[in-house]
Amino acid sequence: MGIGAKLDSLLKSQGSNPNELAQKINVPAQTIYSMIKRDSKKADIEVLIKISKELGVEPEYFCNDSIPAKEPAYNDVITVYTRSRKNLSQEEKMRLARIILSDDDEE
């Protein structure tokens, strides 16, 4: 899996898109779209670092298939929820609330 596929997957999981990311990290949207379309194993390191910081992963996440994404920090979870809440059904929102309010680690 190349950088583009990982980036596309990460954007979708966080409820974001290439245009939004490009605006946040101050690069042309075409740069992000091109990375996704090419799915290359190479990328401009400065852009990759900006993307990593914005999406809450280490830059190495894009470089090696064996490095999993780190567990998101509390603030990352809040950001993902805030971005995607309009896409959640009422049932999904209630399930999320039950998970957050439960005392155990089970879903």
Practice task
Taking Glu54 for its side chain and Leu21 for its backbone only, find out whether a donor-acceptor pair lies under 3.5 Å.
Solution key: no
Practice task
Using atom types as modelled and distance alone, determine if a side-chain donor or acceptor of Ser9 lies under 3.5 Å from a backbone N or O of Lys6.
Solution key: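 Not at all, since once roles are kept as given, no pair shorter than 3.5 Å links the two residues.
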Problem - Lys/Arg N to Asp/Glu carboxylate O, Glu20 vs Lys24, below 4.0 Å - result: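 Answer for the salt bridge query: yes.
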Problem - For the student: nearest non-hydrogen atoms of Ile3 and Ala43, plus distance - result: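 In this case the closest contact between Ile3 and Ala43 is CD1-CB, 3.8 Å.
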Exercise for the section: Identify the two heavy atoms, one from Ser52 and one from Pro59, that lie closest to each other, and give their separation to 0.1 Å. Expected result: OG-CA, 3.2 Å
Acceptor/donor pairs from residues 25-37 side chains to any protein atom, 3.5 angstrom cut, sequence neighbours excluded:
{"residue": "Thr31", "atom": "OG1", "partner": "Pro28", "partner atom": "O", "Å": "3.4"}
{"residue": "Tyr33", "atom": "OH", "partner": "Asn19", "partner atom": "ND2", "Å": "3.2"}
{"residue": "Ser34", "atom": "OG", "partner": "Arg38", "partner atom": "NH1", "Å": "2.8"}

Fill in the blank from the handout: In this structure, OH of Tyr61 is separated from CG of Leu48 (nearest 0.5 Å) by 11.5 Å
Problem - From CG (Leu7) to OG (Ser16), nearest 0.5 Å - result: 9.5 Å
Handout entry: side chain to side chain contact (heavy atoms under 4.5 Å, CB included) between Val57 and Ile51, worked out
Key = CA-CA 8 Å; Val57 297; Ile51 290 170; over 6 Å; no
Practice task
Name all pairs fulfilling the salt bridge (Lys or Arg N to Asp or Glu O under 4.0 Å) condition that reach into residues 8-19, sequence neighbours left out, sorted by first residue then second.
Solution key: Asp8-Lys12
